[in-house]
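Protein chains get the first letters and strands the later ones, always in sequence-line order, with residue 1 at the start of each. Below, each value reflects all heavy atoms present in this structure, side chains not excepted, and no hydrogens, waters or symmetry copies.
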Number of protein chains: 2
Amino acid sequence: MQNAMRRTKADAEKTRETILATAEQLFLRNGVAHTSLEQVARASGVTRGAIYWHFQNKSHLLNEMLNQVRPRPEKLAERLNAPTATHPLQNLRDLFVEIMAGLAGNEQKRNILTILLLRCEFTDELSDAEERHTDFINQFIALSEEQFGCERVRLRPGISARLAARLLHATLIGMLSDRLRDPALFDTQAEAPAMIDALFSGLLVDWQIAGHGASA
Amino acid sequence: MQNAMRRTKADAEKTRETILATAEQLFLRNGVAHTSLEQVARASGVTRGAIYWHFQNKSHLLNEMLNQVRPRPEKLAERLNAPTATHPLQNLRDLFVEIMAGLAGNEQKRNILTILLLRCEFTDELSDAEERHTDFINQFIALSEEQFGCERVRLRPGISARLAARLLHATLIGMLSDRLRDPALFDTQAEAPAMIDALFSGLLVDWQIAGHGASA
DNA sequence: TTGTTTACAAACGTATTCGTATGTAACAGC
DNA sequence: GCTGTTACATACGAATACGTTTGTAAACAA
């Protein structure tokens, strides 16, 4: 009726992306559970019919949204095991800084991670999303542990590779959480290097602040 | 009908507490938004009438629940400014360890904090809860910054008191998050001291591992 | 003893929300 | 040019969920 109703493949894809982008905004503002598909449809200029055509239901829609920015685990391993010219933990350090920088520079990543951490309830209906999330966390910790366990790495006495890995992950998650909750809290991009270097100095006996001279 | 229906003051209070305890379990399992007051009522052995008698609505019920374990800000300041026999940051360190230990030892605290961090959406309806939460965070950071800014504290070059405070808070939140998400991830009580000491070693030039000898 | 208040239960009415089922206009292939 | 399929809009039905109102037995006060 109201629309010209010409629906080519490209149009359909555009509709799908509009729905995803609109849902992103609404989920971010109102929370996932507090956003109905009717609201998403209206704000997208379509009806629920369109949403149910493109997605099975709300949780599948959310999963598709998360998949847009979810890092693939194999990329992580590949990234960390690349050869490093300086310290064996240089890759891990750089990754940390990159993650924080990527968050500052990419609004979509920021929005979706905010939804994941602050605007959604991990319940049965999202159990597969939670599971993959947990898997990713465990893999991050396992890979970090490998890095810290490298024989060239000299941990402080009393610090095991596993403990170092978990402390690193906790710090990462905490910084993301704090930063997402209050964007004005600190300048992620500028201060992340100092923070990670401080952390590494606490974990290692021989960490030289490598941020500005040795790498890149 | 079914109940003897004798309702003294004590009975009413018991009903109220039952509702709170039941809601705690259901919120924890299913998330706040995905739990209806009808479900809470049934699991409590009452009707919604009882819930609406004791609480205005679901968000007020949640707020009352949070108030059961919310630390009062003035306690925090008092705690941190107590005289310390050893290092000026000893109080901050001990507080960190205590928080993690309290979490391990107190199921109610653990449940409610889990609800707050993982099972609830911060939306308009919970805006006052969120506001107080944010206020508490900012106060924690401000107080920590004061501690780190103490003249007897020797921060590493490149580390400001504010940065140290924010890194500490991020690490605390991250450890709580990780631990609540996966209770088997690490032994909070046993490993927290090593973690905080590692962090402080990275922030300060003169931090001696003080966990086992210096402080009572 | 009687009236009032407490502490709920039960009933009411409305508004969403979901999933599905059906209708339909335009495109794509032949 | 006809047909099947795509990409939706519309309609349907059932199930909550919420907040309020009303009913009521027991406690409590006088």
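We find that A:Glu145 and A:Arg166 are not joined by a salt bridge, their nearest charged nitrogen and carboxylate oxygen being 4.0 Å or further apart. Ion pairing between a basic and an acidic side chain is recognised when a charged N comes within 4.0 Å of a carboxylate O; B:Arg79 and B:Asp94 show no such pairing.
No side-chain donor-acceptor contact under 3.5 Å links B:Glu121 and A:Asn30. Side-chain contact, A:Gln139 with A:Asp135: no donor N or O sits under 3.5 Å from an acceptor N or O.
Here D:dA7 presents its C1' atom at 14 Å from CD1 of A:Ile51, a figure rounded to the nearest Å. The separation between B:Lys14 atom NZ and C:dT6 atom C1' is 18 Å, rounded to whole Å. The separation between B:Phe55 atom CZ and C:dA7 atom C1' is 13 Å, rounded to whole Å. Straight-line distance from the CD atom of A:Glu13 to the P atom of D:dC8: 10 Å, rounded to whole Å.
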Pairwise N/O distances under 3.5 Å, protein to nucleotides 28-30 of chain C:
none

Atom pairs under 3.5 Å: protein N/O with N/O of nucleotides 15-20 of chain C:
from	atom 1	to	atom 2	distance (Å)
C:dT17	OP2	A:Ser36	OG	3.3
C:dC18	OP2	A:Leu37	N	3.2
C:dG19	OP2	A:Tyr52	OH	2.4
C:dG19	N7	A:Arg48	NH1	3.0
C:dG19	O6	A:Arg48	NH2	2.6

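Here the straight-line distance linking atom CD1 of A:Ile115 with atom CZ of A:Arg29 works out to 10.5 Å at 0.5 Å rounding.
At the phosphate of D:dC8, OP1 or OP2 sits under 4.0 Å from a side-chain N or O atom of A:Thr15. Remark: B:His54 is in phosphate contact with C:dC8, judged by side-chain N or O atoms under 4.0 Å from OP1 or OP2.
Closest to the A:Trp53 side chain, of the nucleotides D:dT6, D:dT10, C:dC8, is D:dT6. The side chain of B:Val46 lies closest to C:dA9, out of D:dT10, D:dC8, C:dA9.
Using cut-offs of 30° and 60° on the angle between ring planes, the pair B:Phe148 and B:Phe200 is perpendicular.
Here the shortest heavy-atom pairing between A:Thr84 and A:Pro88 reads CG2-CA, 3.8 Å. Contact detail for A:Leu80 and A:Asn91: the closest heavy-atom pair is O-ND2, 3.1 Å.
With sequence neighbours left out, the side chain to side chain donor-acceptor pair (under 3.5 Å) criterion links B:Asn138 to no other residue.
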